[in-house]
Structure formats: structure tokens, C-alpha cells
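Report on one structure; see the data block that follows.
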Amino acid sequence: MPQKPNSEWTIRLIKSPEEMASVEELQRIVWPGTETDVIPAHMLLAVVHNGGLLLGAYVKEEIIGTVFGFPGYYETPDGPRLKHHSHILAVHPNWRGYGVGFALKRAQWQLVRHQGIDRITWTYDPLLSRNAYLNIARLGTVCNTYLHSEYGEMRDGLNAGLPSDRFQVDWWVFTKRVEKRLNRRAPLKVALEDYRNADALFLEAYGDQYSLRPPEGVPPMTGSLVLVEIPEDFLKLKDTNLPLARDWRFYGREIFEIAFKAGYLVTDFLYENGRSFYILTQGNSTL
Ligand SMILES: CC(C)(COP(=O)(O)OP(=O)(O)OC[C@H]1O[C@@H](n2cnc3c(N)ncnc32)[C@H](O)[C@@H]1OP(=O)(O)O)[C@@H](O)C(=O)NCCC(=O)NCCS
């Protein structure tokens, strides 16, 4: 794998079977463990030949990241409507934190807009702070859908051991909100302090970094703003203390389900001095 910092990377559509084989290889690196969890080249090819999108980030001819999705439908009162569902975003471990994930999603956004589709959905583990920050704060998705054990028992190295609960996020690709977020280098800095001054309800974790515990009990949710803390590095916490990780999983399930039922919507995410908070707002989304 090429080393930073001097290599330049570019993004392009992946079309050939040979390039798709390298996407298989990248999946094995990012989700180590089971061969059956890898999407094979022939399936990628079939999807791409039928409206799906597969993009790669490359350093010279070496793949360092990929994003993959396909058209699908969702139900509305007026009948089924077209959307794009994004199934995989992966960046090689040596290349994380350099904007590759953001750039891949941005390229996907452009292509889906070009197809005339206005909504992209995908799922992610709501306890992963880095993913939350990228998806919600940087890309401008919103979320009010909590899925229980969406993928059943998962066996790969990142997911084994816990129910595969997920947020399903909505990326409304033609909105000002999304355009603004994508055209800014960094999200507008609203600090934790500002939320405290705005009388937001804070659900704060306690303890130190790797024994960080969720709050006990769920207080009545009131007001227009709620901040829900999650661990900064849930995967490390899971490696060192699986029972505590499980507590977090069930706490997250409870808190977000109550909040979504009460009409809250996740509209932002704050990552400040090693602390991670979802921002939930009541009422209209800021679309
Ligand atoms: C999720 C993933 C694709 C992100 O790719 P990436 O190239 O590292 O992402 P980017 O560099 O574009 O953005 C990551 C952002 O998270 C921020 N970040 C880093 N650690 C963080 C943390 N613990 N909490 C919150 N934000 C964090 C970075 O600062 C960066 O933001 P910035 O650009 O404003 O500085 C990559 O980590 C990955 O492949 N993970 C494993 C597979 C996975 O989880 N895929 C997605 C679900 S299918």
C-alpha cells in the first residue's frame, strides 16, 4: 500500500472486472474475518450494469477507498418512489482521516443527482463516532429511523459480538442543507458551550475514555434540543470491555427509539475535545 504524505489520490468510476476484484480485496482488509461477507466482483458488475454506482479512490493504480450503491424503492402515500441505497463505504486503514471518505461520498452525491434521484439512504452503526461525524455533520444527512439487528448476526471483525443495530440516514441530495455542508471545508463550529447556553437537554456519559458508561435511565425528553453522548472510540471500547459495549448498544436502542417516537430528528453531530454528541431537534427538519 502506498504511503502518505506525498501521494495524490483521484476518484473514478469502476467498470472493469479486474478493478472489481481489487474492491473484493479492499473489503477483506476493511472487514476482516469471513469470506462470505465480501460482495463478489460478479455481483458488483451486475449491479453496475443496471444503474448501480461503484467508485474507487486510487493512488496511481492502487485502490485505497470505495463507495458502492444501487437504485431501490421506498414506499410513500403516493406509491413507490425511486431512491439510491448506498451499501458500502470503505477506506484503507492507512488512508483514514485524510478526506477520502468524504470525497467518495461527494462524488456519489454528484452522480446520483445526475441520475435525477433525490434521496440516498444508507445504514451505519450509531455508536461509531467517526462515521456519525462524517455522515451527519460533514455530509448533512438526517436520521429518524432506528433499525434493530438489521443484518442479523454479523461475523466480520468490526461487527461480531453485538446486535447489528443501525441508523438509517437520509441524504436529500438536492437540498440547500446538503449543498452547504458539501461545499464547506469544515462544518460550522457550534460549540458544546453554545448548546449549554441554549438550555439543551444533555444526556452525558460518565467515566473515563475506555470505561465510559451510558447515563442510567432515560429522563423525560422535553424541549427542542437534546444532546446524546456516545463514546469517542466504540470499537476500542468493544475490544476491551464487551459487556460495557453491549450496555451501550441497548442504551442507544432505547434512547433513540424513544426520541424518534417523540418526533425528534438527528440533525447534527458534535465532536469536541474527544467528546461526541448527537444533536436531536424537535419539529421540522432543517432541510
Ligand atoms: C468511515 C470511513 C469510511 C471514513 O473514511 P475517512 O477517509 O477516514 O473519512 P474522512 O477523512 O473523509 O472523514 C472522517 C472525519 O471524521 C473525523 N474523526 C476522526 N476521528 C473521529 C472520532 N473519533 N469521532 C468523530 N469524528 C472523528 C475526522 O477528523 C474527519 O473529519 P474532518 O475531515 O472534518 O477532519 C473509514 O473510517 C472506514 O473505512 N471505516 C471502516 C468501514 C466503515 O465503517 N465504513 C462505513 C460504514 S459501511
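Just follow the structure's listing: the first ligand is 1, and inside any ligand the first atom is 1.
Residue contact annotation: V30 has a non-hydrogen atom under 4.0 Å from ligand 1. Heavy atoms of W122 stay at 4.0 angstrom or farther from ligand 1. Using a non-hydrogen distance threshold of 4.0 Å, N131 registers as a contact of ligand 1.
Checked against a 3.5 angstrom limit, the closest N/O atoms of A90 and ligand 1 fall outside it. Checked by distance only, ligand 1 and S276 stay at 3.5 Å or farther apart across all their nitrogen or oxygen atoms. Considering backbone and side-chain N/O atoms, Y124 never comes within less than 3.5 Å of an N/O atom of ligand 1. At under 3.5 Å, a nitrogen or oxygen of G101, whether backbone or side chain, sits near a nitrogen or oxygen of ligand 1. For ligand 1, one of its N or O atoms has an N or O atom of G99 under 3.5 Å away. At least one N or O atom of R138 sits closer than 3.5 Å to an N or O atom of ligand 1. Checked by distance only, ligand 1 and H87 stay at 3.5 Å or farther apart across all their nitrogen or oxygen atoms. Distances between N or O atoms of L134 and those of ligand 1 include no value under 3.5 Å. Between G97 and ligand 1, at least one N/O pair is under 3.5 Å apart.
Of the candidates R130, R96, R166, the one placing a heavy atom closest to atom 38 (C) of ligand 1 is R96. Closest heavy-atom approach to atom 25 (C) of ligand 1 within the set G274, A132, A103, S129: this belongs to S129.
Less than 4.0 angstrom separates some heavy atom of V100 from each of these atoms of ligand 1: 7 (O), 12 (O). Of all atoms in ligand 1, listed by their number and element, those nearer than 4.0 Å to a heavy atom of Y271 are 21 (C), 22 (C), 23 (N), 24 (N), 25 (C), 26 (N), 27 (C). Within ligand 1, counting atoms from 1 as listed, the ones closer than 4.0 Å to a heavy atom of F102 are 12 (O). Atoms of ligand 1 found under 4.0 Å from any heavy atom of E232, numbered from 1 in the order shown, are 23 (N).
Contact check for E254 versus F250: no side-chain heavy atoms found under the 4.5 Å cut-off. Using a 4.5 Å heavy-atom threshold, the side chains of Y271 and E232 count as touching.
Between the side chains of R106 and N183, at least one donor N or O lies within less than 3.5 Å of an accepting N or O. No hydrogens or angles considered: a donor-acceptor pair under 3.5 Å links the side chains of R81 and Y74.
A salt bridge links D268 with R181: at least one charged nitrogen is closer than 4.0 Å to a carboxylate oxygen. Ionic pairing of E150 and R253 is not present here: no N-O contact between side-chain nitrogen and carboxylate oxygen is shorter than 4.0 angstrom.
Applying the 6.0 Å contact sphere to NE2 of H114 captures no more than 12 heavy atoms from other residues, nucleotides or ligands. The environment of CG in N197 is crowded: more than 12 heavy-atom neighbours from other residues, nucleotides or ligands sit within 6.0 Å. Counting non-hydrogen atoms of neighbouring residues, nucleotides and ligands closer than 6.0 angstrom, the CD atom of E272 exceeds 12 such neighbours.
Between F167 and Y278, the distance from one ring center to the other falls under 6.0 angstrom.
In this structure, R12 satisfies the cation-pi test against Y58, with its NZ or CZ atom closer than 6.0 Å to the six-membered ring centre and inside 45 degrees of the ring normal.
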